[in-house]
Asker: 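Before we start, here is the structure in question, set down as C-alpha cells.
Ligands are counted one by one from 1 in listed order, and the atoms in each one are counted from 1 as well. The figures here come from the full heavy-atom set of this structure, side chains too, leaving out hydrogens, waters and symmetry mates.
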Amino acid sequence: MGEIKRIGILTSGGDCAGLNAVIRSVVHHAIGTYGWEVVGIQEATQGLMENPPKAIALHRDNIDHLLMMGGTFLGTTNKGNPFAFPMGDGTVKDRTEDIIAGYRQLGLDALIGIGGDGSLAILRRIAQQGGINLVGIPKTIDNDVGATEISIGFDTATNIATEALDRLHFTAASHNRVMVLEVMGRDAGHIALAAGIGGGADIILIPEIPYRIESVCNKIRQRQAQGKNFCLVMVSEAVRTELGDQVKQIQQFGEDRYGGIGKYIAEQIAQRTGAETRVTVLGHIQRGGIPSPFDRLLGSVFGVAAVDLIAAGKFDHMVAWRNRQTISVPIEEAIQTYQTVKLDGALVKTARGLGICLGND
Ligand SMILES: Nc1ncnc2c1ncn2[C@@H]1O[C@H](COP(=O)(O)OP(=O)(O)OP(=O)(O)O)[C@@H](O)[C@H]1O
Ligand SMILES: O=P(O)(O)OC[C@H]1O[C@](O)(CO)[C@@H](O)[C@@H]1O
Ligand SMILES: [Mg+2]
C-alpha cells in the first residue's frame, strides 16, 4: 500500500441527521492525528462526474458547528443510477470511468463513503473497477444496512416519529379519533416498530408482518368496548394493501417512492368500524432537523474508526457497531444482508407483550 497523504469523503443516498458529525470527526482525526489532507466531495458520485470534480478542501478550523447541524453540507444524491446515467437527451450512459477520473484528478489515496445499502453497493462497484481504496460508514434512517446494529440517522428519525405520536395522542384523545401515522423506512419496519413502542401506539403495521384489516379493526373495537374511543396506528411506508398491492408514487425523474398506505389503512378502518380517522404522513421531517445526542456520538465514533481503517490499510471494509464497540466488516457482507425486523426479535416480543396489535393476531 502506498503512503496515505490525502483522503476524500462523500455522503450518498438520502440525507439524514448525523452526517455532518461524521465529516467533522473524520477531519479532526485525519488531520489532527495523521497529518493527512481531507477533501470533501460534493453531491456524491455526481460531483465526481464533473470536470473539474466538485470538491472543497476541509480544515479543522470552523467545523465545530457541524456537530449539531442536520443534513449534509457536502450535498448528496439518491437518483440517477451512475451505471445508466440519464444524459438529459433521453439516452443513458455508464459514468463509472468519469467518476474514477474525477477521483484521480483530486489526487486521492483513499475514499470514505458514507451511505446506506444502495450507496455502498454503487461505491463498491466503482471502487473495484477503479482500484479505489474505499472505506464505508453506514448511514440511513431506515436502519436496513446489514452487519451493523445501528446506522447514523436512525436514532434521530425514531425520536422524531416518537414525538409525532406523542403529539397525535392528545389530539386523538380530545376528538375520539383514530390517528394513522405513516413513517418512512423503505422495506424495513424499524422506525415504525421502535417509535410505535416508544410513542405508545395501539397498532403497528410493518412490511415484515402481513396483516388482516379485520385484526386491526378488532383492536379498535376492543378499545372502544373498554371505553377508549381513540386509537394510535403506526404504519410503515412499504406496508402493502390487504390484497398485497404496493402503494407507490412516481416522483420526478421517474423514481418510485413509497407513500399512501396510511390513507388506505385509514379508509379501511373508517369504512369497517365507523370511527373517525385522520392521517399524518411524517415524510422528510424524519430526515431533517438537529441530530440527536446519540447520532452525534455514533457519527463521531464512526468517523474516527473509518480514519483508523484507512491508516491500517483495511479497505473494502465498513465500520459497524456491535456489542458496544466498533468493528469492521467487509462492505460486501453489509450489502448482502439487508436488515429487516426480526420476527423473533426483542422489539416484536415487546410489542406483543404490551398488547400492541401487529395486525396478525
Ligand atoms: N451515487 C448515487 N447516484 C445515484 N443514485 C444513488 C447513488 N447512491 C445511492 N443512490 C440511490 O439512492 C437510493 C438510496 O441510497 P442508500 O440506500 O445508500 O441511502 P439511504 O440512506 O438508505 O437512503 P435512501 O435509501 O432513500 O436513499 C438507492 O436507490 C440508491 O440506488
Ligand atoms: O428523499 P426521497 O428521494 O423522497 O426518498 C425517500 C426515501 O428515502 C428514505 O428516507 C431513506 O432511505 C426512505 O425511508 C424513503 O423511502
Ligand atoms: Mg437505503
Side-chain angles (χ1 to χ4, degrees), residues 10-19 22 43-46 70-72 74-82 86 113-125 136-162 164 181-196 205-208 234-240 246-263 280-289 291-292 295 318 320 331-341:
L10 60 78
T11 49
S12 177
D15 78 312
C16 64
L19 292 173
V22 181
E43 290 161 34
T45 47
Q46 290 197 22
T72 162
L74 290 176
T76 185
T77 184
N78 67 351
K79 62 179 190 295
N81 177 357
I114 314 171
D117 56 328
S119 302
L120 291 172
I122 289 171
L123 292 173
R124 180 166 194 262
R125 188 168 150 189
I137 298 183
K139 69 87 212 166
T140 169
I141 65 163
D142 305 333
N143 208 25
D144 53 4
V145 178
T148 182
E149 284 165 10
I150 192 150
S151 294
I152 289 150
F154 173 67
D155 185 67
T156 306
T158 303
N159 288 355
I160 293 167
T162 306
L181 177 63
E182 179 182 311
V183 295
M184 285 184 168
R186 285 211 197 263
D187 299 307
H190 298 292
I191 297 176
L193 187 57
L205 302 180
I206 57 174
E208 293 87 344
M234 179 70 104
V235 184
S236 193
E237 63 177 0
V239 165
R240 293 170 179 254
Q246 194 84 73
V247 184
K248 284 193 177 173
Q249 297 176 349
I250 308 290
Q251 306 273 327
Q252 225 182 338
F253 311 113
E255 306 273 337
D256 272 358
R257 291 285 181 261
Y258 293 131
I261 187 64
K263 183 168 174 278
T280 303
V281 180
L282 201 51
H284 294 80
I285 303 271
Q286 289 155 99
R287 291 231 304 255
S292 67
D295 272 327
M318 180 190 88
I331 294 178
E332 189 180 16
E333 185 188 324
I335 54 189
Q336 272 176 0
T337 50
Y338 186 76
Q339 184 168 284
T340 52
V341 170

Asker: So, taking the atom named CG in Asn78 and the one named OG in Ser12, what distance separates them when rounded to the nearest 0.5 Å?
Answerer: 8.0 Å

Asker: Quick one: which ligand 2 atoms are inside 4.0 Å of a heavy atom on Asn78?
Answerer: 1 (O), 2 (P), 3 (O), 5 (O)

Asker: Hey, is the Mg ion (ligand 3) within less than 2.8 Å of some N/O/S atom on Asp117?
Answerer: yes

Asker: Quick one: which ligand 2 atoms are inside 4.0 Å of a heavy atom on Arg257?
Answerer: 2 (P), 3 (O), 4 (O), 5 (O), 6 (C)

Asker: Is the shortest side-chain heavy-atom distance between Tyr338 and Asp187 below 4.5 Å?
Answerer: yes

Asker: Give a yes-or-no answer on whether the side chains of Gln46 and Thr77 include a donor-acceptor pair shorter than 3.5 Å.
Answerer: yes

Asker: Mind listing the closest non-hydrogen atom pair of Ala161 and Ile191 along with its distance?
Answerer: CB-CG2, 4.0 Å

Asker: Would you mind telling me if ligand 2 is within reach of the side chain of Lys79, the backbone, both or neither, using heavy atoms under 4.0 Å?
Answerer: neither

Asker: Is there any N or O on Asp142 that sits under 3.5 Å from an N or O of ligand 2?
Answerer: yes

Asker: Looking at side-chain heavy atoms only, is the closest gap between Thr76 and Glu43 below 4.5 Å?
Answerer: no

Asker: Does any donor atom in the side chain of Arg240 or Gln246 lie under 3.5 Å from an acceptor atom in the other side chain?
Answerer: yes

Asker: Can you list the ligand 2 atoms lying under 4.0 Å from a non-hydrogen atom of Gly185?
Answerer: 14 (O)

Asker: Could you tell me, atom by atom, which parts of ligand 2 come under 4.0 Å of a heavy atom of Arg186?
Answerer: 7 (C), 8 (O), 12 (O), 13 (C), 14 (O), 16 (O)

Asker: Just to verify, which of Asp142, Asp117, Asn143, Val145 counts as forming a side chain to side chain contact (heavy atoms under 4.5 Å, CB included) with Gln339?
Answerer: Asn143

Asker: Can you find a non-hydrogen atom of Gln286 under 4.0 Å from ligand 2?
Answerer: no

Asker: Counting each atom of ligand 2 from 1 as listed, which ones have a heavy atom of His284 under 4.0 Å away?
Answerer: 1 (O), 2 (P), 4 (O)

